[in-house]
Amino acid sequence: MSQTVVPKPVRTAVPQVSGDLYAEVQTFYAHQMRRVDSLDIEGFADTFTEDGAVVHAGGNRQSGRAEMVAGMRASLPRYRGIAVRHWFDHLLIEVDGNDADTVRVSYYTLVTLTDSEGKVSFQPTFTVEDELVRRGGQLYTRERVIHRDEPVVAG
């Protein structure tokens with residue numbers, strides 16, 4: 001008898017948000033990812049709240065901008081000589097019912113690496129859960145939790 005592995009729940013039914021909010025969130029991510037893809041790690045960290053956190057798929061948690069920058073600086077050597085691109089899709093956006101300035105976003109991400117000869121390689125895919133907050137009319141990431149995608153085993 002084969003064992004069934006139950007995948008982590010993925011939200012599929014959230015209320016539809018306005019087109020303006022959807023576009024604002026998409027634009028926020030476009031600016032955020034262009035910063036990280038261009039290796040502007042300080043600029044990327046500035047898109048998080050001062051006390052913002054990232055929980056990586058392996059469970060490692062980085063809290064605060066300074067810790068994020070230090071972690072990214074340590075990873076820079078692996079990105080030498082390649083162009084990195086983060087691709088986000090299938091965004092589910094939900095405004096917090098108790099705080100209109102808090103927005104939860106779940107999305108899929110794919111990272112591509114292109115070498116100097118134009119060869120593209122793909123990194124594993126992930127599902128990401130973000131909590132965005134509006135401060136002074138601008139969105140910031142308060143928390144990002146990254147889940148590595150795992151195959152669903154059919155029973």
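What you see is a predicted model, and the numbers here were worked out from it, not measured in a lab.
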S.K.: Do the side chains of Tyr140 and Leu21 join up, straight or via other hydrophobic residues, at under 4.5 Å, putting them in one cluster?
M.R.: no
S.K.: Roughly how far, to the nearest 0.5 Å, is CG of Asp130 from CZ of Arg142?
M.R.: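 That separation rounds to 12.0 Å.
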S.K.: Phe88 pairs by ring-ring contact (aromatic ring centres under 6.0 Å, His included) with which of Phe126, Tyr108, Tyr29?
M.R.: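 Filter result, single survivor: Tyr29.
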S.K.: From His90 NE2 over to Thr127 OG1, what is the distance, rounded to the nearest 0.5 angstrom?
M.R.: 10.5 Å
S.K.: Please check if Tyr22 and Val105 belong to a single hydrophobic cluster, counting links between Ile, Leu, Val, Met, Phe, Trp and Tyr side chain heavy atoms closer than 4.5 Å.
M.R.: yes
S.K.: Measure the spacing between CZ of Phe48 and CE of Met68 and express it to the nearest 0.5 Å.
M.R.: 5.0 Å
S.K.: Do Val103 and Glu24 have side chains that approach each other closer than 4.5 Å (heavy atoms only, starting at C-beta)?
M.R.: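 The answer is no, as the side chains (C-beta and beyond) never meet within the 4.5 Å cut-off.
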S.K.: Please assess Glu143 against Arg104 for the test salt bridge (Lys or Arg N to Asp or Glu O under 4.0 Å), listing each intermediate value before the final yes or no.
M.R.: CA-CA 10 Å; Glu143 183 173 61; Arg104 289 182 182 75; over 6 Å; no
S.K.: Atom CZ in Arg135, atom CG in Asp101: separation rounded to 0.5 Å?
M.R.: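 Rounded to the nearest 0.5 Å, the CZ-CG separation comes to 9.0 Å.
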S.K.: Less than 3.5 Å apart, which donor and acceptor atoms pair up between the side chains of residues 73-83 and the rest of the protein, not counting sequence neighbours?
M.R.:
{"unit_1": "Arg73", "atom_1": "NH2", "unit_2": "Glu42", "atom_2": "OE2", "d": "2.1"}
{"unit_1": "Ser75", "atom_1": "OG", "unit_2": "Gly71", "atom_2": "O", "d": "3.3"}

S.K.: Check whether Val25 and Tyr107 end up in the same hydrophobic cluster, where Ile, Leu, Val, Met, Phe, Trp and Tyr are linked by side-chain heavy atoms less than 4.5 Å apart.
M.R.: yes
S.K.: Quick check: does any side chain N or O of Asp37 sit under 3.5 Å from a backbone N or O of His86, one acting as donor and the other as acceptor?
M.R.: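 Checked: pair present.
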